[in-house]
Amino acid sequence: MASSTALSLSWSSSLCSSHRFNGVANETLKLSQGRSTLEVVAQKKTKKLRKVILKEDVLDLGKQGQLLDVTAGFFRNFLLPTGKAQLMTPILLKEMKMEDERIEAEKQRVKEEAQQLALVFETVGAFKVKRKGGKGKQIFGSVTAQDLVDIIKAQLQRDIDKRIVSLPEIRETGEYIAELKLHPDVTARVRLNVFAN
């Protein structure tokens, strides 16, 4: 029985004969002399959602280019006026996929270049670093990341950023391994031979 979702109303036909619904007298109520029953079914209010694509990062919502379902009011009152999102259309979705493919291809190209550069660094052999010597194996000063960058530029004509170079502390002569983080997935290991003059 639909007692929770249906409401039953009863009244006499004499009361309803003067009432009009949408400008037309209710004929079924006029014809019956007894009591009439009108059944009303209530429905839950549905949430209206919109599929949107974010044009920029929105705090606590998502990142740029993300496809989301948001309420119609949130989209209409906040996201649309501020230009942070736009409605998802098939054309826009196709453009978004093409842009993602282009970005992915660019990332792959950068990674392959980093792998080739790492191969060059690892096949070169050891870079030689001269320092003024002290007692025994000691050297004056130390070998820094900038020193390694300068040596690579002089020998290989390659510009690299000194922030990607990680060196152990070098204060003695000997052979050391430096790491160059060329890409988040690619690290080149370079040998250094430090000797005193």
Side-chain angles (χ1 to χ4, degrees), residues 48-72 74-131 139 141-196:
K48 295 178 183 166
L49 295 177
R50 300 284 184 260
K51 283 198 176 292
V52 297
I53 296 174
L54 295 179
K55 290 182 178 179
E56 57 186 69
D57 293 353
V58 179
L59 187 65
D60 296 333
L61 188 61
K63 302 234 180 250
Q64 179 180 0
Q66 193 173 359
L67 182 65
L68 297 171
D69 287 328
V70 296
T71 59
F74 183 60
F75 172 71
R76 181 179 59 247
N77 296 326
F78 176 69
L79 294 174
L80 186 63
T82 57
K84 295 181 185 270
Q86 68 185 79
L87 280 175
M88 195 279 301
T89 61
I91 295 170
L92 191 61
L93 188 61
K94 185 177 178 183
E95 288 175 2
M96 200 170 97
K97 284 182 182 176
M98 288 175 55
E99 181 69 17
D100 286 345
E101 289 172 0
R102 187 191 63 77
I103 289 171
E104 200 60 41
E106 179 67 20
K107 285 181 182 178
Q108 186 65 29
R109 185 190 63 78
V110 168
K111 184 177 178 180
E112 287 172 0
E113 283 181 6
Q115 287 172 339
Q116 290 174 353
L117 192 58
L119 188 63
V120 167
F121 283 138
E122 290 174 359
T123 56
V124 161
F127 292 101
K128 294 181 174 71
V129 181
K130 294 180 184 178
R131 286 289 180 260
I139 57 172
S142 65
V143 178
T144 63
Q146 185 62 48
D147 295 330
L148 180 58
V149 168
D150 294 339
I151 292 168
I152 290 172
K153 183 167 179 149
Q155 290 184 7
L156 299 177
Q157 289 77 37
R158 301 274 182 160
D159 285 327
I160 60 168
D161 190 2
K162 71 176 184 176
R163 291 175 289 187
I164 67 168
V165 177
S166 90
L167 276 175
E169 188 172 327
I170 301 174
R171 295 191 176 273
E172 296 179 345
T173 59
E175 188 170 305
Y176 297 92
I177 303 288
E179 290 187 350
L180 306 175
K181 189 120 174 122
L182 302 171
H183 186 269
D185 298 333
V186 179
T187 303
R189 296 171 61 86
V190 177
R191 289 187 301 134
L192 286 173
N193 281 330
V194 181
F195 57 95

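All of these numbers come straight from a predicted model, not from anything done at the bench.
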Approximate separation, where rounding is to 0.5 Å, of E104 CD and K97 NZ: 15.0 Å
Residues forming a ring pair (Phe, Tyr, Trp, His ring centres under 6.0 Å) with F195, sequence neighbours excluded: none
Euclidean distance, T89 OG1 relative to I53 CD1, rounded to 0.5 Å: 7.0 Å
Point-to-point distance, once rounded to the nearest 0.5 Å, from CG of D57 to CD of Q66: 9.0 Å
Heavy-atom closest contact (L92 atom, L87 atom, distance): CD2-O, 3.5 Å
Salt bridge present between R102 and E106 (N-O < 4.0 angstrom): no
Heavy-atom side-chain proximity of F121 to L182 below 4.5 angstrom: yes
Beyond-backbone contact of L61 with F74, side-chain heavy atoms, under 4.5 angstrom: yes
Qualifying residues under side-chain hydrogen bond (donor to acceptor under 3.5 Å, both in side chains), relative to K111, sequence neighbours excluded: none
Value rounded to 0.5 Å, distance of CG in N193 from NZ in K128: 6.5 Å
Pairs flagged by salt bridge (Lys or Arg N to Asp or Glu O under 4.0 Å) wherever residues 76-90 is involved - sequence neighbours left out: E56-K84
Cut-off 3.5 Å, no hydrogens considered: what does the side-chain donor-acceptor table look like for residues 168-175, sequence neighbours left out?
residue : atom : partner : partner atom : Å
E169    : OE2  : R171    : NE           : 2.8
E175    : OE2  : R191    : NH1          : 3.4

Set of side chain to side chain contact (heavy atoms under 4.5 Å, CB included) partners for R163, sequence neighbours left out: D161
Inter-residue atom distance R50.CZ - L68.CG, 0.5 Å rounding: 15.0 Å
Contact summary for A85 and L54, nearest pair of heavy atoms: CB-CD2, 3.9 Å
Closest non-hydrogen atom pair, V190 against L180: CG2-CD1, 3.6 Å
Minimum-distance pair of heavy atoms, taken over all atoms of V186 and A118: CG1-CB, 3.9 Å
Value rounded to 0.5 Å, distance of CG in L167 from CD in E179: 10.0 Å
Side-chain touch D147/F127, heavy atoms, less than 4.5 angstrom: no
Closest non-hydrogen atom pair between L192 and A178, with its separation: CD1-CB, 4.4 Å
Minimum heavy-atom distance between M88 and L93, given as atom pair plus value: SD-CB, 3.9 Å
Non-hydrogen side-chain atoms of V149 and Q146 separated by less than 4.5 Å: yes
Residues in side chain to side chain contact (heavy atoms under 4.5 Å, CB included) contact with E101, at least two apart in sequence or another chain: none
